[in-house]
Amino acid sequence: MNAADALAESIVNELRALGIDVALRDVHLERPARKEHGDFSTNIALVLSKSLGRNPRELAGELAASINARPPRNLEVAQVAGPGFLNFRLRPAWLHEALGEIVTAAESSYAAPDLGHGERTQIEFVSANPTGPVHVGNGWFGAYGDALARIMTRTGWSVSREYYVNDTGGQIRLLGESVLARRRGEVPPEQGYQGEYVGEIAAQYEGSDDVVEAGRFAAEQILANIRATMERLGIHFDEWYSQAFIEESGRVAATIEELRSRGHIYDEGGAVWFRATTFGDSRDRVLVKSNGDATYLAGDLAYHRNKFVERGFHRVIDVFGADTHGQVASLRAGMEALGIDPSRLEVRIGQMISLVSGRMSKRSGNYVRLDTLIDEIGPDATRLLSLLSSIDQATTLDLDIVKERSAENPVFYVQYAHARIASIKKVAFERAVDTRPIEAVDLGLLEHERELDVLRTLVDLPRVVEEAAVDRAPYKLTNWVRRLAGDFHSFYHDCYVMGEGVAPDLTQARLWLVEAARIGLSIGLDLLGVNAPDEM
RNA sequence: GCCCUCGUAGCUCAGUGGAUAGAGCACCGGCCUCCGGAGCCGGGUGCGCAGGUUCAAGUCCUGCCGAGGGCGCCA
């Protein structure tokens with residue numbers, strides 16, 4: 001049993017002894033922000049005081065006295081603090097035991113709680129339209145989606161990464177028109193695509209003057225390019241799902257028929273309408289235009305029906321940009337109308353990424369290619385840059401500042417910690433330092449505050465991974481990795497592992513501490529999709 | 001007009017309803033006899049405004065102000 005569980009159990013038992021019945025799950029132990037407040041603290045006395053009509057400090061005092069009289073394993077002392085908190089200081093042995101557990105579990109199973117129980121989950125992200133190269137705006141959340149997939153996989157979900165390819169409709173025709181115009185040596189239409197890439201594609205295009213044929217040809221070229229960019233970032237999609245396929249396979253028509261049979265369709269003005277207001281949307285929506293074309297929403301409903309019903313995903317997480325969040329209400333309404341529990345669809349809205357020169361747009365040609373950013377600062381720094389903060393945070397990128405700061409990018413700070421670890425191991429090997437199995441090492445020698453700080457951070461990893469998974473918030477893991485790297489750098493500076501005057505037994509203990517730090521960094525960086533190099 | 005997200009230090013951002021709100025960058029000082037100085041140590045009164053809920057609010061609720069995004073028979 002770990003220290004927190006033993007503490008919680010003791011709290012429940014001692015409360016019962018005082019005649020207060022409380023469930024184990026209602027006892028919340030947290031790791032205080034300030035070290036002076038001990039290793040764990042609980043607000044249970046504050047929570048209970050109201051219903052019991054008792055003074056919280058007094059209650060906490062009684063509880064502390066009982067716990068101190070029969071202390072659980074490794075507890076040094078329980079103390080009342082502030083308005084009625086109960087703080088617990090543990091003996092360092094609890095951290096030494098944790099170190100043993102970390103090293104034993106190692107990368108494969110430390111901080112890998114099964115929260116998802118194998119639930120089949122699809123994460124759809126990026127899905128940038130194949131009408132131009134992926135840029136730092138529409139590609140920004142690629143690292144987010146991929147890191148989330150990694151984190152949820154580690155925590156027991158069965159995750160599939162998906163890219164929805166919008167390869168049909170008006171924009172493809174517009175793309176085709178732009179290509180054909182370039183081939184004729186003309187400027188693309190005003191609303192068309194102005195980027196240089198259109199000319200490059202036009203030079204390769206040998207097909208007919210049909211706008212759809214030209215558009216699809218261009219979309220294929222562009223998609224191959226997007227795929228290559230994603231690969232550079234280490235992002236591999238399990239599925240590239242085509243909107244054209246959804247339409248041409250009859251699924252759109254079938255979805256509309258199902259809605260009709262459920263009574264949610266009416267015809268008006270030559271168009272087919274979905275009565276979305278029945279399900280909370282702000283207005284009804286057209287599914288088939290009067291010209292006979294399906295709308296984007298019709299395709300999207302068919303697509304999501306395909307995800308849930310045909311492919312059997314129990315949960316779908318769509319990562320959208322704020323510019324398309326307007327479609328969410330309609331999509332949810334459609335799911336409900338189709339008899340699919342809308343709570344199975346999770347939509348994460350990422351705020352907009354813009355340039356100092358203004359909003360990015362493929363049509364106008366004002367954008368920075370993701371490839372360009374990767375060329376400038378490398379794939380690891382590119383990924384971490386977008387994983388530093390919550391996706392709720394709107395970001396304005398100044399490429400000059402990003403480049404300038406790339407030398408001080410947090411990614412180097414973290415990777416440098418990993419490289420130092422590798423270096424220590426290398427030196428240990430070169431000097432033929434004897435390495436004993438952990439059972440034969442006195443970990444109790446690890447008493448330096450720097451050593452304990454590293455351990456304290458490492459024991460937090462399981463909780464951090466869990467939070468990152470449940471909150472769909474990879475940046476929480478980024479924060480943790482940076483904290484661990486900082487703790488390690490401080491340790492490295494103050495505690496020589498093999499320096500002069502370091503007792504051989506202490507060297508042994510520190511080598512295991514270093515190994516645990518390596519495991520933690522390795523897990524964290526892997527979940528973020530960032531390399532953990534041995535040399536820099 | 002209605003809806004969504006966000007306002008925290010000069011800048012970029014953390015902060016599961018808890019205790020004295022923290023990091024990085026920038027700026028100013030220190031620190032290399034040891035395993036990599038891409039490092040370490042020190043220097044800090046800032047939660048947009050006003051109410052409310054609570055033992056406790058940066059965090060939850062309401063209103064206002066400000067920023068971004070949406071509200072198509074576009075995708």
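In what follows, every chain begins at residue 1, and chains take the letters A, B, ... in the order their sequences are listed.
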Q: Which value, in whole Å, describes the distance between the P atoms of nucleotides B:rA21 and B:rU16?
A: 15 Å

Q: Can you see if the side chain of A:Arg482 gets near the phosphate of B:rC13 - specifically, an N or O under 4.0 Å from OP1 or OP2?
A: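 So the side-chain polar atoms of A:Arg482 never come under 4.0 Å of the phosphate oxygens OP1 or OP2 of B:rC13.
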
Q: Look at the side chain of A:Glu467 and the base of B:rU16, then say whether one donor and one acceptor between them are separated by less than 3.5 Å.
A: no

Q: Give one of base, sugar-phosphate or nothing for A:His37, where a contact means two heavy atoms less than 4.0 Å apart.
A: base

Q: By nearest atom, which of the nucleotides B:rA19, B:rC55, B:rG69 is closest to the A:Lys50 side chain?
A: B:rC55

Q: Can you label the angle between the A:Tyr164 ring and the A:Tyr303 ring as parallel, tilted or perpendicular, going by 30° and 60°?
A: parallel

Q: CZ of A:Phe320 versus P of B:rC71: gap in Å, rounded?
A: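 About 14 Å, once rounded to whole Å.
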
Q: Just name whichever nucleotide pairs with B:rG68, Watson-Crick or G-U, keeping both distances under 3.5 Å, else none.
A: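 By the stated definition (distances under 3.5 Å), B:rC4 pairs with B:rG68.
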
Q: Any side-chain N or O of A:Tyr475 less than 4.0 Å from the OP1 or OP2 oxygen of B:rG15?
A: yes

Q: Please work out if A:Gln351 contacts a base, only the sugar-phosphate, or nothing of the nucleic acid, heavy-atom cut-off 4.0 Å.
A: base

Q: At under 4.0 Å, does any side-chain N or O of A:Tyr413 touch on OP1 or OP2 of B:rC40?
A: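 Yes, because at least one side-chain N or O of A:Tyr413 sits under 4.0 Å from OP1 or OP2 of B:rC40.
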
Q: Answer yes or no: does a side-chain N or O of A:Gln393 lie under 4.0 Å from OP1 or OP2 of B:rA14?
A: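 A:Gln393 to B:rA14 OP1/OP2: side-chain N or O found under 4.0 Å.
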
Q: Give A:Tyr492 one of three labels, base, sugar-phosphate or nothing, depending on what nucleic acid heavy atoms sit under 4.0 Å from its own.
A: base

Q: Using a 4.0 Å heavy-atom cut-off across all strands, classify A:Arg34 as base, sugar-phosphate, or nothing.
A: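 Base, at least one base atom sits under 4.0 Å.
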
Q: Has the side chain of A:Ser282 got a donor or acceptor atom sitting under 3.5 Å from an opposite partner on the base of B:rC71?
A: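 Side chain to base: no pair below 3.5 Å.
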
Q: Provide, to the nearest angstrom, the distance between the CG atom belonging to A:Leu297 and the P atom belonging to B:rC71.
A: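 So the two atoms are 13 Å apart, to the nearest Å.
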
Q: Expressed as a whole number of angstroms, how long is the span from A:Lys289:NZ to B:rC74:P?
A: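 Going from A:Lys289 (NZ) to B:rC74 (P), I get 4 Å.
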
Q: Closest heavy-atom contact between A:Met536 and A:Ala419?
A: CG-CB, 3.8 Å

Q: Determine the contact category for A:Ser390: base if any of its heavy atoms lies under 4.0 Å from a base atom, sugar-phosphate if only primed atoms, P, OP1 or OP2 are that close, otherwise nothing.
A: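 Sugar-phosphate contact only.
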
Q: What is the distance, rounded to the nearest whole Å, between atom CD1 of A:Ile349 and atom P of B:rC71?
A: 12 Å

Q: Which part of the nucleic acid, if any, lies within contact of A:Arg450, taking any heavy atom under 4.0 Å across all strands shown: a base, the sugar-phosphate backbone alone, or nothing?
A: sugar-phosphate

Q: Decide yes or no, distance alone: a donor-acceptor N/O pair under 3.5 angstrom between the base of B:rG18 and the side-chain of A:Asn43.
A: yes

Q: Relative to the ring of A:Phe245, is the ring of A:Tyr241 parallel (under 30°), tilted (30 to 60°) or perpendicular (over 60°)?
A: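 Ring orientation of A:Tyr241 relative to A:Phe245: perpendicular.
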
Q: Examine B:rA23: is either OP1 or OP2 under 4.0 Å from a nitrogen or oxygen in the side chain of A:Arg483? Give yes or no.
A: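 Checking B:rA23 against A:Arg483, no side-chain N or O comes under 4.0 Å of OP1 or OP2.
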
Q: Counting side-chain heavy atoms from C-beta on, which of B:rC55, B:rA19, B:rC6 comes nearest to A:Pro32?
A: B:rA19

Q: Quiz question: by atom type and distance under 3.5 Å, do the side chains of A:Arg420 and A:His489 form a donor-acceptor pair?
A: yes

Q: For the OG1 atom of A:Thr168 and the CD1 atom of A:Ile246, what is their distance to the nearest 0.5 Å?
A: 11.5 Å

Q: Between B:rA14 atom P and A:Leu384 atom CG, what is the distance in whole Å?
A: 13 Å

Q: Distance check, C1' atoms only: B:rG10 and B:rU53, in whole angstrom units.
A: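 Each nucleotide's C1' atom is 36 Å from the other's.
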
Q: Angle between ring planes, A:Tyr144 versus A:Phe141, binned at 30° and 60°: parallel, tilted or perpendicular?
A: perpendicular

Q: Would A:Arg348 pass as a cation-pi partner of A:Phe320, given that its NZ or CZ must be under 6.0 Å from the six-membered ring centre and within 45 degrees of the axis?
A: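 No, a cation-pi geometry is absent between A:Arg348 and A:Phe320.
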
Q: Touch check for A:Ala394, heavy atoms < 4.0 angstrom, all strands: base, sugar-phosphate only, or nothing?
A: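 Sugar-phosphate contact only.
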
Q: Expressed as a whole number of Å, how far does the P atom of B:rC35 sit from that of B:rC25?
A: 26 Å

Q: Please pick, from B:rA14, B:rC73, B:rA19, the nucleotide with the shortest atom-to-atom distance to any side-chain atom of A:Ser389.
A: B:rA14

Q: Just how far, in rounded Å, is P of B:rC73 from OH of A:Tyr296?
A: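 In whole Å, B:rC73 P and A:Tyr296 OH are 16 Å from each other.
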
Q: Distance check, C1' atoms only: B:rA23 and B:rA50, in whole angstrom units.
A: 31 Å

Q: Pairing check on B:rC73: which nucleotide meets the Watson-Crick or G-U wobble criteria with it, both distances under 3.5 Å?
A: none

Q: Are A:Phe85 and the base of B:rA19 stacked, counting only ring centres nearer than 5.5 Å and planes tilted under 30°?
A: yes

Q: Taking B:rG48 as the reference, what is the distance to B:rU59 when you measure between their P atoms (whole Å, please)?
A: 8 Å

Q: Has A:Arg283 got a side-chain N or O lying under 4.0 Å from the OP1 or OP2 atom of B:rC73?
A: yes

Q: Indicate whether any N or O donor in one side chain lies under 3.5 Å from an N or O acceptor in the other, for A:Asn225 and A:Tyr197.
A: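 Absent: no donor and acceptor within the cut-off.
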
Q: Across all strands, who's sitting opposite B:rG18 as a Watson-Crick or G-U wobble pair, both distances under 3.5 Å?
A: B:rC55

Q: Write down the distance separating the P atoms in B:rA56 and B:rA19, rounded off to the nearest Å.
A: 14 Å

Q: Pick the P atom in B:rC4 and in B:rC49, then give their distance to the nearest Å.
A: 23 Å

Q: Using the side-chain heavy atoms of A:Asp323, tell me which of these nucleotides is nearest: B:rC73, B:rG69, B:rC35.
A: B:rG69

Q: Write down the distance separating the P atoms in B:rG69 and B:rC13, rounded off to the nearest Å.
A: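 Nearest-Å result for B:rG69 against B:rC13 at atom P: 16 Å.
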
Q: Verify whether one side chain among A:Gln171 and A:Asn166 offers a donor that lies under 3.5 Å from an acceptor in the other.
A: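 Looking only at side-chain atoms, A:Asn166 and A:Gln171 do not form any donor-acceptor pair under 3.5 Å.
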
Q: For A:Val497, answer base if it contacts any base atom (sugar-phosphate contacts may also be present), sugar-phosphate if it contacts only those atoms, and nothing otherwise; contact means non-hydrogen atoms under 4.0 Å.
A: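 Counting heavy atoms under 4.0 Å across all strands, the contact made by A:Val497 includes a base.
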
Q: On the 0 to 90° scale, with breaks at 30° and 60°, tag the A:Phe279-A:Phe274 ring pair as parallel, tilted or perpendicular.
A: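 Judged by the thresholds at 30° and 60°, the geometry between A:Phe279 and A:Phe274 is parallel.
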
Q: Is there a Watson-Crick or G-U wobble partner for B:rU62 with both distances under 3.5 Å, and which nucleotide is it?
A: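 The answer is B:rA50, by the H-bond criterion.
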
Q: Please work out if A:Asn87 contacts a base, only the sugar-phosphate, or nothing of the nucleic acid, heavy-atom cut-off 4.0 Å.
A: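 Base: the residue A:Asn87, judged by heavy atoms under 4.0 Å, touches a nucleobase.
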
Q: When you measure from the side chain of A:Tyr416, which nucleotide among B:rC73, B:rA14, B:rG39 comes out closest?
A: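 Of all the options, the side chain of A:Tyr416 is nearest to B:rG39.
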
Q: Please give, in whole Å, the distance from B:rG18 P to A:Arg31 CZ?
A: 16 Å

Q: Would you classify A:Lys426 as touching base, sugar-phosphate or nothing, given that sugar-phosphate means primed atoms plus P, OP1 and OP2, and contacts are heavy atoms under 4.0 Å?
A: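 The residue A:Lys426 makes no contact with any strand.
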
Q: Between atom CZ in A:Arg332 and atom C1' in B:rC4, what is the gap in whole Å?
A: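 Taking atom C1' of B:rC4 as the reference, CZ of A:Arg332 is at 12 Å.
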
Q: At 4.0 Å (heavy atoms only), tell me whether A:Ser490 reaches a base, stays on the sugar-phosphate, or touches nothing.
A: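 Sugar-phosphate, no base atom in range.
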
Q: Check every strand shown and say whether A:Gly326 touches a base, only sugar-phosphate, or nothing at a heavy-atom separation below 4.0 Å.
A: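 Sugar-phosphate, no base atom in range.
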
Q: Just label B:rC32 as syn or anti from its O4'-C1'-N9-C4 or O4'-C1'-N1-C2 angle, using within 90° of 0 for syn.
A: syn

Q: Go through B:rG69, B:rG39, B:rA75 for me and flag the one nearest to the A:His489 side chain.
A: B:rG39

Q: Need the pair for B:rG29. Rule: Watson-Crick or G-U wobble, both distances under 3.5 Å, any strand; none if unpaired.
A: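 Pairing partner: B:rC41.
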
Q: Base, sugar-phosphate, or nothing for A:Gly269, non-hydrogen atoms under 4.0 angstrom?
A: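 Base, at least one base heavy atom under 4.0 Å.
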
Q: Mind checking if A:Met352 touches a base, just sugar-phosphate, or nothing, with heavy atoms under 4.0 Å?
A: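 Sugar-phosphate only.
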
Q: Going by modelled atom types, is there a donor-acceptor pair between the base of B:rG70 and the side chain of A:His325 at under 3.5 Å?
A: no

